[in-house]
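Reading through the structure tokens given below for one structure.
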Amino acid sequence: QVQLVESGGGLVQAGDSLRLSCSASGRSLSNYTMGWFRQAPGKEREFVSAVSRSGSSAYYADSVKDRFTASRDNAKNTVYLQIDSLKPEDTAVYYCAGGRRFSGTKDGYESWGQGTKVTVSS
């Protein structure tokens with residue numbers, strides 16, 4: 001299975017932008033549809049975005065689609081999540097995940113990173 005490590009989280013102010021990265025090893029990312037999820041304290045893990053193997057297509061949860069942009073660079077074995085106009089409700093641990101096909105639920109993914117924490121202050 002592919003090993004995934006997220007990075008780029010931190011403490012930011014509302015209205016700021018942030019780019020999260022997910023670096024892969026063990027397998028080529030080109031073999032996987034990649035998903036982004038987030039989990040706030042006391043909440044279920046929530047679907048954010050899914051990116052096709054080539055990076056040509058991406059899908060977003062309605063709650064984030066106007067502000068979030070997912071992309072990938074298979075040559076660098078890395079996927080990204082660009083977050084613009086951050087809001088306090090974006091505060092969560094963000095996870096990347098690899099799966100065999102597009103899925104909007106966590107059950108569709110078999111490889112997960114450890115997560116990177118994003119905290120947005122008002």
Side-chain angles (χ1 to χ4, degrees):
Q1 295 186 14
V2 64
Q3 289 77 52
L4 304 171
V5 178
E6 302 94 335
S7 62
L11 175 63
V12 296
Q13 295 274 67
D16 286 351
S17 295
L18 198 62
R19 189 179 74 163
L20 309 183
S21 298
C22 176
S23 179
S25 62
R27 296 282 302 278
S28 173
L29 272 192
S30 64
N31 295 319
Y32 295 90
T33 294
M34 298 301 299
W36 284 98
F37 291 77
R38 66 184 182 183
Q39 188 167 17
K43 302 283 189 178
E44 296 291 328
R45 193 167 300 180
E46 174 189 27
F47 171 75
V48 173
S49 179
V51 189
S52 66
R53 292 179 180 180
S54 68
S56 61
S57 300
Y59 300 89
Y60 302 92
D62 288 342
S63 60
V64 306
K65 64 182 179 181
D66 293 331
R67 298 182 296 112
F68 286 36
T69 304
S71 62
R72 66 195 299 162
D73 187 342
N74 287 338
K76 296 181 178 179
N77 232 20
T78 303
V79 296
Y80 305 96
L81 185 67
Q82 176 71 34
I83 311 174
D84 296 322
S85 300
L86 278 154
K87 302 177 179 179
E89 51 263 44
D90 295 322
T91 296
V93 176
Y94 285 73
Y95 300 88
C96 67
R100 301 291 294 176
R101 64 186 71 188
F102 276 102
S103 177
T105 65
K106 58 183 174 61
D107 292 341
Y109 299 87
E110 60 263 23
S111 300
W112 293 84
Q114 86 289 349
T116 185
K117 188 174 184 178
V118 174
T119 302
V120 185
S121 62
S122 300

Once rounded to the nearest 0.5 Å, what's the spacing between atom [atom1] of [X] and atom [atom2] of [Y]?
{"X": "Tyr80", "Y": "Arg72", "atom1": "OH", "atom2": "CZ", "result": "11.5 Å"}
{"X": "Gln114", "Y": "Cys96", "atom1": "CD", "atom2": "SG", "result": "8.0 Å"}
{"X": "Arg100", "Y": "Ser111", "atom1": "CZ", "atom2": "OG", "result": "10.0 Å"}

Report task. Verify the neighbour count for atom CD of Glu44: are there more than 12 heavy atoms of other residues, nucleotides or ligands below 6.0 Å? Result ->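 No.
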
Does the side chain of [X] reach to within under 4.5 Å of the side chain of [Y], using non-hydrogen atoms?
{"X": "Gln82", "Y": "Arg67", "answer": "no"}
{"X": "Phe37", "Y": "Glu46", "answer": "no"}
{"X": "Arg53", "Y": "Ser30", "answer": "no"}
{"X": "Asp90", "Y": "Arg38", "answer": "yes"}
{"X": "Glu6", "Y": "Ser23", "answer": "no"}

Query raised in the report: When clusters are formed from ILVMFWY side-chain contacts under 4.5 Å, directly or step by step, what else is grouped with Tyr59?
Result: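 Taking Ile, Leu, Val, Met, Phe, Trp and Tyr as members, Tyr59 shares its hydrophobic cluster with Phe102.
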
Query raised in the report: Other than Tyr94, what residues sit in its cluster of Ile, Leu, Val, Met, Phe, Trp and Tyr side chains whose heavy atoms are under 4.5 Å apart, directly or through others?
Result: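 Via sub-4.5 Å side-chain contacts, Tyr94 links to Val2, Leu4, Val12, Leu18, Leu20, Leu29, Tyr32, Met34, Trp36, Val48, Tyr60, Val64, Phe68, Val79, Leu81, Ile83, Leu86, Val118, Val120.
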
Query raised in the report: Strictly by modelled atom types, are Asp84 and Ser17 linked by a side-chain donor-acceptor pair under 3.5 Å?
Result: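 Yes, side-chain donor-acceptor contact under 3.5 Å.
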
If you look at every heavy atom in [X] and [Y], which pair is closest and at what distance?
{"X": "Ser49", "Y": "Ala70", "value": "OG-CB, 3.2 Å"}
{"X": "Phe47", "Y": "Ala61", "value": "O-CB, 3.4 Å"}
{"X": "Ala50", "Y": "Tyr109", "value": "CB-OH, 3.6 Å"}
{"X": "Ala14", "Y": "Pro88", "value": "CB-CD, 4.2 Å"}

Requested in this report: Mark yes or no for whether Asp73, through its side chain, and Thr78, through its backbone, hold a donor-acceptor pair below 3.5 Å.
Outcome: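 No.
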
Query raised in the report: Stepwise, does the side-chain contact (heavy atoms from CB on, under 4.5 Å) test hold for Trp112 with Arg45?
Result: CA-CA 12 Å; Trp112 293 84; Arg45 193 167 300 180; 3.5 Å; yes

